[in-house]
Protein chains: 2
Amino acid sequence: MPRPRRASPDRILAAAATEFAARGYAGARVDRIARRARVNKAMLYYHFRSKEELYRTLLRQTFERAGERLRAIAASRAAPAEKLDRAIEGIAAFVAEYAFFPSIMLREVAEGGAHLDRRTLAALATVPAAVGAIVAQGTAARAFREVHPLAAYFSIFVPVVVYLAGAPIRQELAARHLVNGAALSANAFVGHMQDAARRALAPDPATLQGPPHR
Amino acid sequence: MPRPRRASPDRILAAAATEFAARGYAGARVDRIARRARVNKAMLYYHFRSKEELYRTLLRQTFERAGERLRAIAASRAAPAEKLDRAIEGIAAFVAEYAFFPSIMLREVAEGGAHLDRRTLAALATVPAAVGAIVAQGTAARAFREVHPLAAYFSIFVPVVVYLAGAPIRQELAARHLVNGAALSANAFVGHMQDAARRALAPDPATLQGPPHR
DNA sequence: GTCTATACTTCGATAGAC
DNA sequence: GTCTATCGAAGTATAGAC
């Protein structure tokens, strides 16, 4: 028998996502989360032991889903360059679905994972691991030049996340006439990053002897 | 007559930098800032009207210094590709000097500039503007292919900032044995980004027509 | 400029009825 | 599972002496 609407725990998690993304762990208010989820505070504490447990549950769930999606791309049969394109589009699609993801990821990086337990940190680590796997596959297949997987993660994947996270502040800057120049749509930026990634990873034609890495 | 040590306002700003970087605006505690600066809370409020004013002062000062440094590189006589290398090294050097910069920048992006007034937002905007200027110069001189300056900022500059901001969480992940693979030093990553930037901006051979400047 | 002591507020969490 | 009411801790900011 289908429920007419989401149960309390799910509504609480959804409300928590909005609140934590906008204000961070310390800035988030349990009262606001409860109100937005249309439950009272006691109900929230009935389902989640504490603010911290709610936070960890949200992050673990989100990181696991992002990691799963990227691992599925890594495990597909496509060519390395194709996987890379799909991974970059994939993260943009993931953010379209989970709009709070970039803010929360950025905040946790800035904070050094201070509020996270081992399980949640492990879930977070699946994201760079999946991107690194795609790059390593490409390198092994000689479709990509030799690049440190973590370097690839930061130069290919991180810009997309930060670009999407930065939408509010760009809007704020535009509204106050503090920037000039043409706008840059999310789609255009995704295309730019796919292009940049291909160029960054393209094997050197004359590289079959050794890379003169500066 | 030289002071034996920094005056109170400077010590407060230095202490605030550490605290705000580690815990964010909401998580920062005025008591901790005062204690670290070796002043009492009343002294802090004597020099700064409020927690918010202290925060804005710190950020404005920091963004202005970062922007100045990048504008100096943009205004130098070097070739575009050389300027790009210097800008990437420059931001790494800036972070070595102002270690709190990446965390604070990331947090403000995540927060959409919520705590910032117009002046401080304007100071923040000088950073992408300076990077965009270097890219635009290169494009005009036909040393770079046509790339949206903001796209270049996010694909070249942001990764360095996030990589450096991510040092604590990488250390945490390593300590808990949640990552595998060789380490990647900050210097190696800077080199990687210089390389990636050159490749991303290299003009298409078919487009090379006019004589490159300088 | 510097201090101690404290007023005022907000927030996370719980008690206890239904 | 759900609610109202409230406690106790912690935090920002200020008063007022020196």
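Throughout, protein chains are lettered first and strands after them, A, B, ... in sequence-line order, and every chain is numbered starting at 1. These numbers come from a predicted model, not from an experiment.
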**Asked** Considering only D/dA13, C/dT14, D/dA15, which nucleotide approaches the side chain of A/Y45 most closely?
**Response** C/dT14
**Request:** Starting at atom CZ of B/F48, determine the distance to atom P of C/dT2, rounded to an integer number of angstrom.
**Result:** 13 Å
**Message:** Please tell me if B/R29 has a side-chain N or O lying less than 4.0 Å from either OP1 or OP2 of D/dA10.
**Reply:** no
**Complete:** Of the candidates D/dG1, C/dT2, C/dG12, the side chain of A/D31 sits closest to C/dG12
**Message:** Surrounding CD of B/Q171 (heavy atoms of other residues, nucleotides or ligands, distance under 6.0 Å), is the total greater than 12?
**Reply:** no
**Asked** Rounded to whole angstroms, how far apart are CD1 on A/I33 and P on C/dT10?
**Response** 18 Å
**Request:** Using a 4.0 Å heavy-atom cut-off across all strands, classify A/A28 as base, sugar-phosphate, or nothing.
**Result:** sugar-phosphate
**Asked** Separation of B/H47 atom NE2 from D/dT12 atom P, in whole Å?
**Response** 19 Å
**Request:** Using the closest heavy atom to pick a nucleotide of DNA chain C for each, name whichever of A/E52 or B/P9 lands nearer the 5' end.
**Result:** B/P9
**Request:** Would you please classify the geometry between the B/F157 ring and the B/Y153 ring as parallel, tilted or perpendicular, with 30° and 60° separating the classes?
**Result:** parallel
**Spacing between A/M43 atom CE and C/dA13 atom P, to the nearest angstrom** = 16 Å
**Prompt:** Which sits closer to the 5' end of DNA chain C, B/N40 or A/R32, going by the nucleotide each is nearest to?
**Reply:** B/N40
**Prompt:** Should A/S8 be listed as having a side-chain N or O under 4.0 Å from OP1 or OP2 of D/dT2?
**Reply:** yes
**Message:** For a ring-ring contact (aromatic ring centres under 6.0 Å, His included) check, start with the C-alpha distance between A/Y55 and A/F20, then their side-chain angles and the critical distance, and finish with the verdict.
**Reply:** CA-CA 8 Å; A/Y55 185 70; A/F20 284 127; 4.7 Å; yes
**Request:** Answer yes when A/R107 and A/E111 have at least one side-chain N-carboxylate O distance shorter than 4.0 Å, and no when they do not.
**Result:** no
**Item:** Residue of the set B/R199, B/R86, B/E89 for which side chain to side chain donor-acceptor pair (under 3.5 Å) holds with B/Q194
**Value:** B/E89
**Asked** Rounded to whole angstroms, how far apart are NZ on B/K41 and C1' on C/dT6?
**Response** 10 Å
**Fill in**
Rounded to whole Å, NZ of B/K51 lies from C1' of C/dT9 at a distance of 14 Å
**Request:** Could you check which of D/dT12, D/dG1, D/dT4 has an atom nearest any side-chain atom of A/A42?
**Result:** D/dT4
**Asked** Could you give the OH-to-P distance, from A/Y25 to C/dG12, as a whole number of Å?
**Response** 8 Å
**Message:** Without decimals, in angstroms, what is the distance between B/E19 CD and D/dT12 P?
**Reply:** 9 Å
